[in-house]
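Naming convention: chains lettered A, B, ... in sequence-line order (proteins, then strands); numbering from 1 in each chain.
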Number of protein chains: 2
Amino acid sequence: MIEKHLLKLRARDIVSAEEETAVRALVAETRAIPAKTTIIRAGQRLDTSTLLLDGWMCRYKDLCQGQRQITELHVAGDFVDLHSFTLKRLDHNIMALTPCRIGVVPHERLRALSEEQPHLTRIYWLTTNIDAAAHREWELSLGRRDATGRLAHLFCEMHVRLELVGLARGMRYMLPLTQQDLAECTGLTPVHVNRMLRDLREQRVVEMRRGVVHIHDWDRLVAIAEFSPDFLYLDPEPR
Amino acid sequence: MIEKHLLKLRARDIVSAEEETAVRALVAETRAIPAKTTIIRAGQRLDTSTLLLDGWMCRYKDLCQGQRQITELHVAGDFVDLHSFTLKRLDHNIMALTPCRIGVVPHERLRALSEEQPHLTRIYWLTTNIDAAAHREWELSLGRRDATGRLAHLFCEMHVRLELVGLARGMRYMLPLTQQDLAECTGLTPVHVNRMLRDLREQRVVEMRRGVVHIHDWDRLVAIAEFSPDFLYLDPEPR
DNA sequence: CGGTTAGTTGAGCTGGATCAAGCGTAGTGG
DNA sequence: CCACTACGCTTGATCCAGCTCAACTAACCG
C-alpha cells in the first residue's frame, strides 16, 4: 500500500530500485486510526513521522473561540508530517477525517537516510516544498477568491491529486468531507458552503453528494476556480 | 552582511565553524535590486537561489482580474527562494518592496552541499519547513481572523522576526510597506486597512506612520492577534 | 422507531467592499 | 522659490457577500 506513495514520488523524479528499497524500509509498523481522531497535537514532541497509507487526514489550527482552519488535506500516499523530522514538534494538529491506515516512520531512519541518500533526501525535501506550494495556493484562495472560487479550486485540486494515486474514476471521486469540513478548509461557514454547493450543482458544474464529487463540466470548474495545476509540480525532473 | 542569515540559522541549531565556512561559500556574487522590481516570475526556470542581504522582499500570486495575494514577507537574512533548489521553478513571483542587496547562490553549490553536508542540509530543509509554518499561520489569519486580528498578527510576527536579526529597536521597527501592501498581505482592501490602523492607533495599541511601526501595548496586541511565536520555531535543537 | 448527525432553507444582519472625493507631502522642473 | 504632479493616506456614503440565528428535513444506525 506504499505503492501510492511511490507513485507520488515518481511523479516528481526518478526513484531507482535501491532507493525504492530504502523507501520501503522506512516504515517500522503500520497502525489503524479511527475516524475523527486527532493523532498529533501542536507542540507535542515527536520522534516518528506518519505516512498515510489509506484514508483521509487533515492539518488544522484553532483560534481560542473555537474557530478552526484546515490548512491542508491529505490522501493516501501523502507523508502527512514529514516536516516533523526537522521541526521536532508541529505548529498544527493532525486529525483523521475517516478511518485510516498509517505507516509509522521513526525519525532515526529518516536521519540515516539523510546521511546516506542525498538524492532521496532531495526528493523528500522537494515533497515538503510542494506541501508549502499548496499552502500558498490556499492563501490565495482564502485571501482573494470568492466562496464559489474557493470550493471550485478545492474540487480541482483534489481531482488532480487523487487521479495521480489512482483514486479518481474519470470525473468522479470520493471526498469524505462534511460541509462543516469544507467550511473549515475554505474559511466559510457551513451554511454558506451549502448554498454555494447548490449554486454549483444548479449550474451543472459540480455535484457533491454523500461524499462523492461528480464533475459535470471540468472547463467551467477550472474557469471558476482559476485553477492551474502548476503548484502541484507534476512534471518529473532530476533534482 | 551574511551575519543576519547566520543569526537566523543559529536561532534554530548549532552551526559549526566549518559549516559557517560552507555557508559563506554559497554566495557566488552580490547584486543590488531597485525597489518595486519583480525579480522572479512564476514558472521561470531557475538555477540559482536568492539570499536577501538587505532590504524587503515578498512572495506573491495574482488572480487574472489583478487581485494580488502576498503569501510571505522577507527580511534581511532570509533565503527568499531556497525552495527553488528542489522545485526548479516557482509557483509564485518574488518582488523587491524596497531597494535590496541580494546574494546569488548557484544551485550546483546547494547540490554539492546536499551531498557533503547532511547536517547543514537538514538545517536548510528545516528553514523551508519554517517558511511553510508561516504560510499555515497566514492561512489561519486569512481564513479565520478578522481584519484587526490579521493586522495585529502581522505586526507581532514582524516584530519577533526583526528582533531576531537585530532590526527592531525596542518596541519600534521599520516596516516599509504601503497600506496597499498590507492589504495584499491580509486579504483586505487598502481602505479597510486604513480604518483598522486608525482603530488600533486610537486604542493606543500600535501605530504605523511613514514606514515605522511603534507598538504601544504589546500584551493587547498579542491578545488581539492571538499571537504565539511557536510557528517561528525559535528554540534551537539538534536536527 | 427514536436519537443523532448532516444537509437545507429562510430572514435579517454586518464586516468589509466599493465608489468617490479630498488631503499631505515629496519630488521635479521652470 | 513656487507651481505642478504623483503617490499614498484619509474619510464619507452606500452596497453586498457572506454570517448568524433558527427551524425543518433526510439519512443513518443501534
Distance check needed: [N] [atom2] versus [X] [atom1], whole Å only.
{"X": "L97(B)", "N": "dG8(D)", "atom1": "CG", "atom2": "C1'", "answer": "15 Å"}
{"X": "H192(B)", "N": "dG12(D)", "atom1": "NE2", "atom2": "C1'", "answer": "15 Å"}
{"X": "M196(A)", "N": "dA17(D)", "atom1": "CE", "atom2": "P", "answer": "9 Å"}
{"X": "Q180(A)", "N": "dT20(D)", "atom1": "CD", "atom2": "C1'", "answer": "14 Å"}
{"X": "L151(B)", "N": "dC9(D)", "atom1": "CG", "atom2": "P", "answer": "13 Å"}
{"X": "L188(B)", "N": "dT14(C)", "atom1": "CG", "atom2": "P", "answer": "20 Å"}
{"X": "R210(A)", "N": "dT25(D)", "atom1": "CZ", "atom2": "P", "answer": "19 Å"}
{"X": "D199(B)", "N": "dG16(C)", "atom1": "CG", "atom2": "P", "answer": "11 Å"}

Is there a side-chain contact between [X] and the phosphate of [N], meaning an N or O under 4.0 Å from OP1 or OP2?
{"X": "R198(B)", "N": "dT11(D)", "result": "yes"}
{"X": "N194(A)", "N": "dT8(C)", "result": "yes"}
{"X": "Q179(A)", "N": "dT8(C)", "result": "yes"}

(request) Could you tell me whether R195(A) contacts a base, only the sugar-phosphate backbone, or nothing, with contacts defined as non-hydrogen atoms closer than 4.0 Å? (result) base
(message) Here's a test of your reading of the structure: between G187(A) and R209(B), which maps to the more 5' nucleotide of DNA chain D?
(response)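 Checking each residue's closest nucleotide, the 5'-ward one belongs to R209(B).
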Please pick, from [options], the nucleotide with the shortest atom-to-atom distance to any side-chain atom of [X].
{"X": "T189(B)", "options": "dA17(C), dT10(D), dC19(D)", "value": "dA17(C)"}
{"X": "V191(A)", "options": "dG18(D), dA17(C), dT20(D)", "value": "dT20(D)"}
{"X": "D146(B)", "options": "dG10(C), dC28(D), dG16(C)", "value": "dG16(C)"}

(message) Would you say the rings of Y60(A) and H92(A) are close, in the sense that their centroids are separated by under 6.0 Å?
(response) no
(message) Less than 4.0 angstrom from a charged side-chain N to a carboxylate O is my criterion; do K61(A) and E137(B) meet it?
(response) yes
(request) Decide, yes or no, whether a salt bridge links K8(B) with D78(B) under the criterion of side-chain N to carboxylate O below 4.0 Å. (result)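 Answer for the salt bridge query: yes.
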(request) Tell me which of R144(A) and K36(A) sits closer to the 5' end of DNA chain C, going by the nucleotide each one is nearest to. (result) K36(A)
(message) We want to know whether R59(A) and H135(A) form a side-chain donor-acceptor pair, criterion being a heavy-atom distance below 3.5 angstrom.
(response)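 On atom types as modelled, these side chains qualify, holding a pair under 3.5 Å.
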(message) Ring-plane angle category for H214(A) and H216(A), please: parallel below 30°, perpendicular beyond 60°, tilted otherwise.
(response)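 Tilted.
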